[in-house]
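As structure tokens, the structure follows; a few thoughts come after it.
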Amino acid sequence: PQAYDIIENTLDQSLDLLDKPDSALFFLRKAWAESIRAGYHQGVAKATGIIALVHYENQNLDSAINYFRRSLLYRQQHDLSKSGIAGMYTWLGNTYGDKNMFARSIANLKEALVIRQELGVPNRLADAHSDLAIAYSDFAISNIDIQESNSILSAQNQATFHFKKSLSFL
């Protein structure tokens with residue numbers, strides 16, 4: 001329908017404004033409201049995800065996590081694309097990693113990997129393994145001062161495994 005095209009156009013415009021968060025959020029809220037009115041579930045999910053991205057790009061990580069979660073839950077509730085669900089798990093995982101919350105980071109990235117494995121798209125599988133490798137590596141580095149050698153060794157082994165696995169898809 002034409003309403004969906006207008007919403008998609010508004011969402012595209014907002015992506016061009018990530019360096020102007022107030023403007024981007026104005027268009028995103030407009031697209032979100034129009035999507036709700038039109039019953040366009042994909043538009044609601046995309047608008048919410050891009051709102052999260054605006055917050056992420058501006059280092060408002062708690063807000064970003066909030067909106068990534070909302071987008072994820074909405075996508076799951078409305079049975080939207082598995083690729084989009086995996087994307088939200090990836091963004092959540094990477095955002096938690098930026099906050100040094102490695103257990104949550106790794107858990108979300110593992111969820112993304114499972115979905116990526118189901119979908120079987122090689123470059124997305126490579127990305128999922130690479131993201132996990134980075135998360136495990138960051139976890140290992142963050143624990144060096146604690147001297148938990150078993151945790152560090154395990155995280156390093158996981159990082160190496162996922163780096164190698166990511167390269168196998170390239």
If we ignore angles and hydrogens, is there a donor and acceptor under 3.5 Å between the side chains of Tyr56 and Asp98? yes
In this structure, would Leu28 and Leu18 fall into the same cluster of hydrophobic residues linked by side-chain contacts under 4.5 Å? yes
Check: Val121 and Arg116 side chains under 4.5 Å, non-hydrogen atoms: no
Does Arg104 offer a backbone N or O that forms a donor-acceptor pair with the side chain of Asn108 under 3.5 Å? yes
Establish whether Leu73 and Ile65 are linked, either directly or via other cluster members, by ILVMFWY side-chain heavy-atom contacts under 4.5 Å. no
Got more than 12 heavy atoms from elsewhere within 6.0 Å of CD, Glu118? yes
Nearest 0.5 Å, what's the CG-NE2 distance between Asn157 and His162? 11.0 Å
What one should report as the nearest heavy-atom pair of Phe169 and Ala126 is CB-CB, 3.6 Å
Restricting to non-hydrogen atoms, name the atom on Thr48 and the atom on Tyr67 that form the minimum distance, rounded to 0.1 Å. CG2-O, 3.4 Å
As an exercise, state the distance from OH of Tyr40 to CG of Asp5, rounded to the nearest 0.5 Å. 8.0 Å
Inter-residue atom distance Thr95.OG1 - Asn60.CG, 0.5 Å rounding: 11.5 Å
Would you kindly confirm whether Leu80 and Trp91 end up in one hydrophobic cluster when ILVMFWY residues are joined by side chain heavy atoms under 4.5 Å apart? no
For the backbone of Asp127 and the side chain of Ser130, can you confirm whether one donor and one acceptor N or O come within less than 3.5 Å of each other? no
When the ring planes of His41 and His78 are compared, do they come out parallel, tilted or perpendicular, using 30° and 60° as the limits? parallel
Check whether Asn58 reaches the backbone of Val54 with its side chain - one donor and one acceptor, N or O, closer than 3.5 Å. yes
Are Leu25 and Ile50 grouped together when hydrophobic residues (ILVMFWY) are joined by side-chain heavy atoms under 4.5 angstrom apart? yes
Take Asn100 and Phe102 through the test side-chain contact (heavy atoms from CB on, under 4.5 Å) and record every step on the way to the result. CA-CA 5 Å; Asn100 296 325; Phe102 298 111; 3.4 Å; yes
Which heavy-atom pair separates Gly49 from Phe68 by the least distance, and what is that distance? O-CE2, 3.8 Å
Are Glu8 and Lys46 close enough that some pair of their side-chain heavy atoms sits under 4.5 Å apart? yes
Minimum-distance pair of heavy atoms, taken over all atoms of Leu109 and Ala135: CD1-CB, 3.7 Å
Work out which heavy atom in His129 is nearest to a heavy atom in Leu113; give both atom names and the distance. NE2-CD1, 3.6 Å
Output for pair (Gln77 CD, Tyr74 OH), nearest 0.5 Å, gives 8.5 Å
Just by modelled atom types, is the Met101 backbone N or O under 3.5 Å from a matching donor or acceptor in the Ser105 side chain? no
Any donor-acceptor pair under 3.5 Å linking the side chain of Ser168 with the backbone of Lys165? yes
Which value, rounded to the nearest 0.5 Å, describes the distance between Phe26 atom CZ and Lys20 atom NZ? 14.5 Å
Are Leu53 and Met88 joined in one hydrophobic group, where the rule is that I, L, V, M, F, W and Y side chains link up if heavy atoms are under 4.5 Å apart? yes
I need the minimum non-hydrogen distance between Leu61 and Lys99, along with the two atoms involved. CD1-CG, 3.7 Å
Working to the nearest 0.5 Å, report the span between CG of Asn66 and CG of Leu92. 10.0 Å
